[in-house]
Each structure stands twice: as structure tokens, then as C-alpha cells.
Number of protein chains: 2
Amino acid sequence: MARTTGSDGEKTEAAVREAAVNLIARYGYEAMSMRQLAAEVGVQAAALYRYFPTKGDLLFTLMREHMEGLREAWENARPADADPAEQLAAYVRNHIAFHIERRHATHVSNMELRSLSPDRLTQILRMRTAYEKDLRAILRDGAEAGVFSVEDTGLTAMALIQMMTGVIVWFRPGERLSVTEVTATYLSMTMRLVGAKIGGTEEKHVHEHAQLRA
Amino acid sequence: MARTTGSDGEKTEAAVREAAVNLIARYGYEAMSMRQLAAEVGVQAAALYRYFPTKGDLLFTLMREHMEGLREAWENARPADADPAEQLAAYVRNHIAFHIERRHATHVSNMELRSLSPDRLTQILRMRTAYEKDLRAILRDGAEAGVFSVEDTGLTAMALIQMMTGVIVWFRPGERLSVTEVTATYLSMTMRLVGAKIGGTEEKHVHEHAQLRA
DNA sequence: AATATAATAAAACGAACGTTCAATTAATTC
DNA sequence: GAATTAATTGAACGTTCGTTTTATTATATT
């Protein structure tokens with residue numbers, strides 16, 4: 001046999017991407033074989049090489065596009081003129097929504113960094129750093145304006161990122177909590193963690209503020 | 001050649017364990033070959049099988065002993081009679097100290113769960129759940145006593161664990177911050193996150209409390 | 001000194017790996 | 001409807017994998 005009836009390059013490539021994200025997230029990049037991936041798509045292994053020159057290229061493509069998607073989502077969600085608390089809330093909401101929506105792709109981007117070649121690793125890390133830089137800026141602005149009380153901007157940013165991204169480890173859609181509920185709770189935890197004060201008032205207002213916009 | 005001068009089973013086994021933790025942490029379990037591991041130890045691949053029947057057994061042994069070590073460390077660090085804030089502080093201190101001390105082993109235990117057989121995965125997850133259960137209990141006690149204000153005990157516990165364990169991702173000994181400084185900052189972030197109040201006073205006291213014992 | 005045992009090397013096993021190549025068929029273009 | 005292009009198969013390549021077997025040597029025991 002050769003070309004099959006109804007075969008379509010675009011559809012096959014999309015199927016390969018989706019199957020690859022799922023398989024790598026479940027078994028890991030090294031553990032997934034090209035034959036296994038091909039079988040999942042319903043195609044022979046050789047056919048994969050029409051779309052991705054090597055297994056490594058496939059991984060890098062998936063990661064790069066995931067990072068680009070994250071950047072893009074944040075640029076769209078970012079409020080133009082807003083106080084630091086408002087901006088932080090937007091950052092948290094976008095981060096959690098994006099990561100829950102693309103759980104498997106996030107897993108791949110976080111777990112398979114070591115399977116990238118050095119220069120590709122650098123590229124991905126650069127994108128990640130750029131994204132995290134905005135969070136640090138928000139925290140710094142808030143600290144300088146006196147609405148946040150953070151001891152160490154960089155450390156707090158890392159702690160928040162780890163905390164938020166960690167959602168994908170345990171969150172399963174359709175279980176005890178909805179995305180909205182999870183986001184609301186994380187938002188209020190975030191606001192307390194950075195010691196957010198709205199108009200010089202105490203903690204209770206942070207709760208209300210957070211839940212208002214979740 | 002065969003047995004080499006100065007060869008010693010105990011030393012070789014210890015060298016295998018240490019090299020395995022480092023290699024798996026750096027390259028991943030699937031990516032590390034038995035020949036690579038043997039070369040790191042300075043031995044032929046066949047010699048490894050005197051100590052571990054299969055590659056999978058090696059991984060499981062490393063993980064199980066890491067989890068047992070974590071449990072043991074916490075049992076020793078746990079304060080006998082203490083209020084929830086005191087207990088939470090002890091939990092955070094122990095968790096961060098243990099994970100920074102055993103960065104590579106923690107990486108293995110967190111990243112290579114998918115390489116375990118189903119029943120072994122269950123065993124490791126059971127140990128992890130048992131450890132995390134104590135944190136949930138502390139949070140619940142604090143919430144009931146009115147010294148913490150947490151909306152969802154389970155969710156808060158997960159957020160805290162992710163936040164604390166995340167330290168190993170970016171922390172490098174001998175860089176900008178010392179272990180003591182990092183622990184102090186994480187402690188105060190934790191206390192703020194759970195809305196800790198000491199004797200009904202406000203947030204500022206939480207800071208002092210946290211930094212006092214870091 | 002002889003014997004037993006512990007620790008390793010060296011070589012080999014079949015299986016699976018990523019990848020390439022030539023052949024073949026479906027869809028498109030002219 | 002003939003020629004071209006797109007999509008895929010099936011078979012094969014050399015390499016590496018985890019593991020086993022057998023032989024060999026160092027150490028411990030008697």
C-alpha cells in the first residue's frame with residue numbers, strides 16, 4: 001500500500017501533534033517511541049518524518065508553540081491601565097486558565113526541558129523568563145506603591161509560579177472543584193501571600209476583592 | 001579480567017546509588033542507560049545486576065528510600081505539643097531543608113513516577129499522601145481554632161506543597177540567597193498565605209513570628 | 001596452602017530504537 | 001486523460017538497549 005484514500009497532510013500533522021502531546025505527557029519523551037506515536041495516529045512510523053525531520057524537532061516545536069501561546073494569551077489578557085493588585089489578579093487568572101486548559105502541553109514544557117539540545121533549551125528558557133519577568137515587574141510596582149508587602153520580588157515570583165502551575169498536577173476537570181472555584185481560591189491565596197492591601201485596609205478586603213473577579 | 005583489586009560490594013552499591021540519582025536527575029530515567037551508569041561508577045554494566053535485579057528495581061529502591069527518609073525526617077522534626085502555627089512552621093522548615101538537601105533525589109521522586117509499574121506507583125503515592133495528610137491536619141486544626149483562615153484545606157495544602165517543593169527548581173547553593181534566608185522568606189509567605197494570626201493580632205506579627213524561627 | 005565465596009569482566013542475546021529509501025497509490029493540475 | 005504532486009507503506013539500516021551467561025580473579029575462611 002501507499003497513499004490511503006482520504007489522507008490529508010494538514011489533518012495528519014494536527015493528529016500527530018495532539019497524539020504526541022498526550023503520549024509525551026503520559027509516558028515521557030524518551031519513553032514514547034515513534035512507532036507508538038504513529039500507531040496512535042493510525043499511520044506507519046515513516047509517515048511522521050514527512051512533518052517533523054526528527055523526534056527532537058517534534059518536541060521542540062510542541063514546546064515553542066506552547067510558550068508562544070502562553071505569551072500571546074497573557075498579552076491579550078493583560079489590562080492596559082490598572083493598579084498592581086488588578087494586574088496581579090489578571091496574571092493569576094490567565095496563568096491558571098491557560099495551564100488548566102493545556103494541562104498536557106504544560107506537562108511537556110515543564111518536564112522535558114532536559115531532552116532539548118543546549119541551544120534549544122536556551123531558547124525555551126528565554127521565553128519562559130520573559131513571561132515571568134512581567135510578574136516580577138507587577139510585584140515590584142506593587143511593593144514600591146506600598147500595596148504589596150513582599151520581602152523578595154524574585155523569590156515571591158518563583159513561589160507564585162510554582163504554586164499556580166502546580167494546579168495541573170492534581171486538578172482534574174469534573175471533580176470536586178470547578179475551574180472557577182479553584183481560580184477564586186488561588187486568587188485569594190495569592191493576594192494574602194503578597195500581603196495585598198486595598199486602600200490601606202486589612203486582609204478581609206483582599207478576600208472580597210479576589211472573589212469578586214474570579 | 002574479573003574481580004578487581006580493592007573491589008568492595010558495599011562501596012560499589014553506594015556508588016551505584018549515588019551515580020544513579022545524579023544521572024536520572026540530570027538526564028531522566030529513560031535516557032540514562034545502564035552502561036552509562038556503569039561507566040560513571042567505573043564498572044561494567046553487568047556488575048550492576050549484582051546489586052539491583054533490573055533497572056526498574058533500581059529506580060523504585062531510590063524512590064522508596066527517599067520517601068521513607070522524608071517521613072522519618074518529619075517524624076523527628078515534628079513538635080510534640082504545639083499550636084497549629086508552630087506546627088506549620090516546623091512542617092515548612094523540615095520540608096524545605098529536606099528538599100534542598102536532597103535536590104536530586106527529590107527531582108527523581110517527582111519526575112519519574114510515570115516510569116514505575118502500576119503497583120509500585122501506588123506504593124509511592126501512598127507514602128506521599130500519608131506525608132501530605134499531616135499538613136492538611138495542621139491546616140484543619142488551625143482553621144478550626146480560628147488562627148488560620150483557609151477556604152479549602154486540601155487545596156491550600158497542595159498549593160503550599162507545590163510552592164515549597166518548587167524551591168529545588170531554581171535554588172542553587174552558594175548563590176544569592178542562603179538556605180536560612182530562603183526558608184525565612186518561605187515561612188513568612190506561608191504564614192501570610194494561610195492568614196495566620198497570633199493571638200488575634202494582625203499580619204505584622206506573623207512576620208516577626210516567622211523570622212524568629214527560620 | 002587449600003578451599004570457598006564475593007566481585008567483576010567480557011561477550012553475547014534478542015528486541016527495540018530512530019531513521020532512510022524505494023515503491024506505490026490517491027489527489028490534483030493541466 | 002495524461003502528467004504531476006502529495007501522502008503513505010513496507011522493508012531495511014546500523015545502533016543501542018536491558019539483560020544473561022560464563023569465565024576469571026581477588027578476598028575471606030578454614
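Residue numbers begin at 1 in each chain, while the letters A, B, ... track the order of the sequences.
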Self-check item: Residue list, side-chain hydrogen bond (donor to acceptor under 3.5 Å, both in side chains) with Arg128(B), at least two apart or on another chain
Solution: Asn110(B)
Quiz item: According to the side-chain hydrogen bond (donor to acceptor under 3.5 Å, both in side chains) rule, which pairs have a member within residues 160-175 of chain B, sequence neighbours left out?
Solution: His95(B)-Thr165(B)
Practice problem: Give the rounded distance in Å between these two atoms: CD of Glu13(A) and P of dT8(D). | Solution: 11 Å
Quiz item: If only side-chain N and O atoms of Thr12(B) are considered, is one of them under 4.0 Å from the OP1 or OP2 phosphate oxygen of dT8(C)?
Solution: yes
Quiz prompt | Atom-to-atom span, OH of Tyr51(A) to C1' of dT19(C) - whole angstrom | solution = 17 Å
Quiz prompt | Any residue meeting side-chain hydrogen bond (donor to acceptor under 3.5 Å, both in side chains) with Ser33(A), in chain and number order, not counting sequence neighbours | solution = none
Quiz prompt | Rounded interatomic separation in angstrom, taking CZ from Phe52(B) and P from dT19(D) | solution = 13 Å
Practice problem: In whole angstrom, give the distance that lies between atom CD of Glu10(A) and atom P of dA6(D). | Solution: 13 Å
Quiz item: Can Glu181(B) and Arg176(B) be counted as an ion pair, charged N to O under 4.0 angstrom?
Solution: no
Exercise. Could you list by number each residue of residues 34-50 of chain A showing a heavy-atom separation from DNA chain D of less than 4.0 Å, or answer none if no residue does?
Key: Arg35(A), Val43(A), Gln44(A), Ala46(A), Ala47(A), Arg50(A)
Quiz prompt | Summary of salt bridge (charged side-chain N to carboxylate O under 4.0 Å, His left out) pairs that have at least one residue in residues 104-126 of chain B, sequence neighbours excluded | solution = Glu112(A)-Arg114(B), Arg114(A)-Glu112(B), Asp57(B)-Arg120(B)
Quiz item: Can you tell me how far P of dC17(C) sits from OH of Tyr27(A), to the nearest Å?
Solution: 13 Å
Exercise. Establish, with yes or no, whether the OP1 or OP2 oxygen of dC17(D) is under 4.0 angstrom from a side-chain nitrogen or oxygen of Ser33(B).
Key: yes
Self-check item: Set of residues satisfying side-chain hydrogen bond (donor to acceptor under 3.5 Å, both in side chains) with respect to Gln123(A), sequence neighbours excluded
Solution: none
Exercise. Figure out the CE/C1' separation between Met32(A) and dT19(C), and round it to whole Å.
Key: 14 Å
Practice problem: Take atom NZ of Lys55(A) and atom C1' of dA16(C), then tell me their distance rounded to the nearest Å. | Solution: 12 Å
